[in-house]
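Hydrogens, waters and symmetry mates play no part in the numbers below; they use all other heavy atoms, side chains included. Computed from a predicted structure; not experimentally measured.
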Amino acid sequence: MEDLFADQYPATASKNLFADIILPVPIPRWFTYSVGPDIQDHIGIGYRVMVQFGKKKILTGIVAKVHQKAPEVYQAKPILDLLDDFPVVNALQIKFWSWMASYYCCHMGEVMNAALPSGLKLSTESRVQLHPDFDFDNPGFPMDERELLLLETLGKNEEMNVEQFDQLLPGKTSHKIIKSLLGKGAILVYESVKEKYSPKTEQRVRLASKYTGEDSLLQSLFEALKGKEKQEAVLLKYLQQVDVFRDSGKNTEGLPKKVLTDQGCSASSIDTLIKKGVLDAFKVLISRFDSVPMTEREFTLSPPQAAALEDIHRHFEEKNTVLLQGITGSGKTEIYAQLIREVLQSGSQVLMLLPEIALTTHLVNRMQQIFGDKMGVFHSKYSDNERVEVWQGVLKGRYNFIIGVRSSVFLPFDSLGLVIVDEEHESSYKQYDPAPRFHARDAAIMLSWMHQAKTLLGTATPAFESYFNAQNGKYGFVKLDQRYGNAELPHFRLADILQDKKKNLLKLDFTRLMREKIQETLNRQEQVLIFQNRRGYAPYLSCDECGWIPQCEHCDVSLTYHQYQEELRCHYCGFKEKVPVSCQACGSQKITTIGTGTERIEESLSLLFPEARIARMDLDTTRSKYGYQRILDNFGAGNVDILVGTQMITKGLDFDKVSLVGIVDADRILFYPDFRAGERAFQQITQVAGRAGRRDKIGEVIIQTRRPDQLIFKQIISGDYADFYRLEMAERKQFFYPPFVKNIKIVVKHKDFKTSEIAAKKLKNLLTDIPAKKIVLGPEKSIIGKIKNLYLFEIWIKLDRSGNVQQFFKQQLMGRIAELQADKRFRAVRFLVDVDPY
DNA sequence: AGCACGCCGACT
DNA sequence: GTCGGCGTGCTC
């Protein structure tokens with residue numbers, strides 16, 4: 001029969017639609033699913049969908065493409081569900097993800113994993129419950145002990161997941177038992193969605209609408225409450241704060257229950273009023289972030305700042321990226337703020353990247369005072385719920401300015417006008433594990449370009465790559481070399497460790513000069529920062545008799561001694577063990593510590609300056625969410641005289657009372673076996689020195705070294721970055737180091753030494769054959785030959801800088817790795833590709 | 001990556 | 001015999 005209503009159906013109804021879905025799995029492919037007629041009109045790029053992947057797993061995927069091309073070799077599974085009414089990811093982001101996957105040689109799924117807060121990635125877990133027909137007294141089959149235990153536990157709980165069973169039963173046996181019980185019809189197994197994001201709510205009350213009409217009703221209500229003083233009081237408190245008659249909207253908003261209880265109303269009398277129908281109780285969704293008022297509306301730029309801003313504008317007219325080199329204390333913040341304000345006024349969004357640690361400091365507070373609620377903060381220690389809220393905030397336009405860590409490049413911006421990367425030289429912008437191994441500065445520049453926005457890189461000590469681009473005109477370059485308010489640069493002194501040692505003046509790792517300076521500072525009641533870039537008490541223990549050194553069982557490194565916990569720890573895999581009482585090789589009890597970490601420095605200082613209050617800031621003391629904050633607040637409040645720390649203390653700290661900075665062992669930074677050692681030393685020492693002295697006070701910096709003759713010290717002291725750069729670059733050019741070439745590092749990992757080595761050699765040969773301008777080095781055993789029981793080999797590639805060569809080579813590289821992995825000998829070998837490694 | 005299937009050793 | 005090890009193949 002003819003369909004009389006055919007013309008009333010949506011035009012798409014008859015189409016066979018398919019969608020290519022990005023799934024959070026490390027498989028270099030998109031997956032094509034079919035789009036059912038019910039969602040055909042709603043689906044689009046960037047929507048989240050639920051799909052079945054494999055036999056039972058259900059995953060959240062992102063739609064990358066919608067098309068009508070049916071897959072030829074397999075039957076597409078249907079999309080189970082469309083999760084949103086609007087796309088959570090925009091087309092620009094998909095493009096950005098795709099650039100990142102290809103530039104950093106990883107898969108879209110890995111990028112998606114890094115990009116989406118896990119609160120937006122729903123997945124399922126297998127849950128188990130008793131079969132409704134199952135009868136304990138009459139099971140119908142013989143049961144063994146473990147089955148009985150499992151069924152009994154299940155009888156007590158409504159449902160359980162597989163992990164709970166794993167805890168219940170020793171080993172990995174639960175899986176088998178669940179399977180057999182399922183076969184016997186005793187239990188049911190099903191997949192259920194783990195909902196991760198839950199919005200925060202607030203309990204509120206308002207006056208029931210029947211009383212809001214006329215005064216008289218309220219009068220009679222008070223009559224009725226006569227004698228019930230507490231209830232009367234609640235009602236009065238409420239009416240005091242909400243003018244029910246003048247402004248009925250106010251009553252609709254109601255009052256948080258907490259506000260009333262804070263004012264002395266008892267929860268029970270409020271509840272009684274709710275039960276009587278006098279008050280309505282209701283819940284509202286609230287933000288996890290406190291509202292911050294704008295308190296700083298005006299700030300003025302000094303003449304050098306204004307000039308720098310002008311320069312930046314001028315460069316932006318023809319260049320997308322500008323490098324702003326401003327020495328510590330030169331007042332980059334105000335320049336940023338002014339630029340941000342301009343861009344926000346034009347209606348575009350702004351992203352400002354900061355290294356993790358700098359996010360806890362006054363810069364963020366300052367920005368918050370200037371920009372108030374328009375600004376969102378994205379910190380790596382945020383909970384997942386908080387992350388989802390920032391994401392939604394950007395999506396829905398609540399925030400148009402985000403200040404955040406490297407992963408904030410993934411937030412769903414749709415109209416960026418400006419990206420600022422502060423402390424752009426920071427190596428923590430590079431993610432190493434897991435993939436995508438991206439550099440947030442470089443990714444931000446690309447993101448900015450995709451938005452046709454401008455990028456400003458700010459630092460006192462530019463990364464060579466950035467300075468190089470500024471020198472050759474790719475970036476605009478602006479320099480700001482006057483300290484704000486003309487504060488003077490700190491005075492540097494070198495302290496010769498070997499000289500003091502010879503004269504027996506070195507006490508507990510401190511030279512005489514350093515000790516005297518610390519004492520003077522303490523006497524003036526000012527604060528000291530001591531920098532030692534190694535955590536723990538001592539890098540290792542050693543037997544006095546035979547030289548035995550405790551090693552990690554899983555890695556090719558010695559164990560670090562942590563005195564505070566009385567244990568030995570591996571900094572590579574986290575392995576821990578108790579400190580041995582005697583040498584495991586010869587039995588001698590004479591075991592001594594070698595080398596110096598922050599814990600030991602802290603101890604030495606307390607011996608040398610018993611009256612000083614000392615604190616330590618390193619990975620071990622700042623693990624908790626507010627760990628940094630607590631230590632910094634304490635230091636800022638003047639409760640600490642000496643703060644010892646690793647590179648964490650090199651940034652963000654801005655305290656007026658710090659007048660001395662001590663570097664315990666500059667050689668450790670300087671003689672690191674890496675071509676960037678010099679660059680890093682210059683940056684780190686300059687950074688930490690910048691903490692000394694502010695405003696009217698001239699700070700002092702003491703650098704302890706065994707090689708005071710090193711040229712780099714002269715350059716650091718005079719602040720001559722350009723000269724340092726020039727000399728260092730000559731060397732980089734000669735030996736083909738970045739920025740003259742592009743580096744790609746490949747780490748080959750396998751549990752068997754030989755297999756790892758052979759795979760690495762084969763790969764090297766395959767890579768050498770690729771027709772591109774490059775040098776392939778290695779494979780060489782990694783500096784740490786074994787980590788977590790896997791043997792590591794490294795291949796380094798120095799690649800021509802041109803974009804075409806890079807793209808071609810990376811494509812080939814991925815192909816060759818796939819080729820090698822097809823060989824079943826190398827199936828379990830992992831190949832980590834790290835583009836632009838640090 | 002996970003997960004299922006299948007083929008082999010060491011215990012009742 | 002069977003329980004449980006992990007090598008191998010696959011995911012739209």
Side-chain angles (χ1 to χ4, degrees), chain A residues 16-36 39 43 48-81 101 105-114 116 118 121-128 142-147 150 161-163 165-166 169-183 189-191 194 433-437 749-752 755 759 788-790 814 817-818 820-833:
Chain A
N16 257 339
L17 266 199
F18 296 92
D20 292 342
I21 309 293
I22 306 164
L23 291 173
V25 287
I27 303 167
R29 231 173 310 157
W30 289 352
F31 294 87
T32 307
Y33 285 81
S34 66
V35 180
I39 53 171
I43 201 166
R48 290 186 308 159
V49 290
M50 293 271 262
V51 292
Q52 186 174 57
F53 185 69
K55 286 225 161 94
K56 55 181 203 173
K57 202 84 198 146
I58 291 172
L59 298 173
T60 307
I62 296 282
V63 177
K65 198 177 165 188
V66 181
H67 58 85
Q68 296 178 57
K69 204 169 149 275
E72 283 160 23
V73 282
Y74 55 86
Q75 181 66 45
K77 285 184 184 171
I79 289 172
L80 299 176
D81 210 354
C105 297
C106 66
H107 315 309
M108 278 290 257
E110 290 171 313
V111 180
M112 172 186 167
N113 245 340
L116 276 191
S118 48
K121 282 178 287 187
L122 307 175
S123 67
T124 57
E125 57 179 3
S126 302
R127 301 192 72 88
V128 183
M143 262 189 275
D144 70 14
E145 267 176 56
R146 287 177 301 180
E147 287 174 330
L150 200 146
N161 62 32
V162 179
E163 286 107 76
F165 287 120
D166 282 337
L169 299 165
K172 289 181 193 160
T173 58
S174 56
H175 202 248
K176 276 257 155 83
I177 298 168
I178 289 169
K179 219 174 148 184
S180 95
L181 286 172
L182 184 67
V189 177
Y190 61 99
E191 293 292 303
K194 287 187 277 189
D433 218 29
R437 299 180 174 81
K749 295 185 179 190
H750 191 263
K751 63 178 171 20
D752 178 56
T755 310
K788 294 180 191 169
N789 287 322
L790 298 174
M814 294 314 272
I817 288 177
L820 206 52
Q821 293 230 280
D823 186 333
K824 56 187 169 186
R825 276 184 301 168
F826 304 130
R827 163 173 300 279
V829 179
R830 312 288 330 135
F831 297 93
L832 307 188
V833 181

Enquirer: I need the NZ-P distance between A:Lys749 and B:dA1, as an integer number of Å.
Expert: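 Value for this atom pair: 10 Å.
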Enquirer: Please state whether the phosphate of C:dC12, meaning OP1 or OP2, lies under 4.0 angstrom from any side-chain nitrogen or oxygen of A:Tyr74.
Expert: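 Checking C:dC12 against A:Tyr74, no side-chain N or O comes under 4.0 Å of OP1 or OP2.
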Enquirer: With a non-hydrogen cut-off below 4.0 angstrom, is A:Arg830 in contact with a base, only sugar-phosphate, or nothing?
Expert: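 The answer is sugar-phosphate, as A:Arg830 gets under 4.0 Å only of primed atoms, P, OP1 or OP2.
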Enquirer: From C:dT8, B:dA1, C:dT11, pick the nucleotide closest to the side chain of A:Pro26?
Expert: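 Comparing C:dT8, B:dA1, C:dT11 against the side chain of A:Pro26, the answer is B:dA1.
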Enquirer: Specify the separation, in whole Å, of atom CZ of A:Phe31 and atom P of B:dA1.
Expert: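 A:Phe31 atom CZ is separated from B:dA1 atom P by 14 Å.
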Enquirer: In plain terms, say whether A:Arg437 and A:Asp433 are close enough for a salt bridge, that is, a side-chain N and a carboxylate O under 4.0 Å apart.
Expert: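 Salt bridge between A:Arg437 and A:Asp433, a charged N being under 4.0 Å from a carboxylate O: yes.
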Enquirer: Please confirm whether the backbone N or O of A:Val51 pairs with a side-chain atom of A:Lys77, one donor and one acceptor, at under 3.5 Å?
Expert: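 Answer holds: no.
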Enquirer: Figure out the CD1/P separation between A:Ile27 and B:dC3, and round it to whole Å.
Expert: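 After rounding, the reported distance stands at 13 Å.
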Enquirer: Starting from P on C:dC12, measure out to CE on A:Met50 and report it in whole angstrom.
Expert: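 One finds 15 Å between P of C:dC12 and CE of A:Met50, rounded.
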Enquirer: OP1, OP2 of C:dC10 versus side-chain N and O of A:Arg29: anything below 4.0 Å?
Expert: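 A:Arg29 to C:dC10 OP1/OP2: no side-chain N or O under 4.0 Å.
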Enquirer: Find the distance A:Glu110:CD to B:dA1:C1' and express it as a whole number of Å.
Expert: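 My rounded result for the distance is 9 Å.
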Enquirer: Atom CG of A:Asp823 and atom P of C:dT8: how far apart are they, to the nearest Å?
Expert: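 Between P of C:dT8 and CG of A:Asp823: 11 Å.
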Enquirer: Please report the distance, rounded to the nearest Å, between CE in A:Met112 and C1' in B:dA1.
Expert: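 That distance rounds to 14 Å.
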Enquirer: Near DNA chain C, counting only heavy atoms under 4.0 Å, which residues of residues 52-65 of chain A show up?
Expert: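 Nucleic-acid contacts, sorted: A:Gln52, A:Phe53, A:Gly54.
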Enquirer: From CG of A:Leu17 over to C1' of C:dC12, roughly how many Å is that when rounded to an integer?
Expert: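 Those two atoms, CG and C1', are 16 Å apart.
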Enquirer: Check residues 52-64 of chain A and write down every donor-acceptor pair under 3.5 Å in which the side-chain atom is one partner and the other belongs to a residue at least two apart or another chain.
Expert:
{"from": "A:Gln52", "atom 1": "NE2", "to": "A:Lys55", "atom 2": "O", "distance (Å)": "3.3"}
{"from": "A:Lys56", "atom 1": "NZ", "to": "A:Ser126", "atom 2": "OG", "distance (Å)": "3.3"}
{"from": "A:Lys57", "atom 1": "NZ", "to": "A:Thr124", "atom 2": "O", "distance (Å)": "3.0"}
{"from": "A:Thr60", "atom 1": "OG1", "to": "A:Leu122", "atom 2": "N", "distance (Å)": "2.7"}
{"from": "A:Thr60", "atom 1": "OG1", "to": "A:Leu122", "atom 2": "O", "distance (Å)": "2.5"}

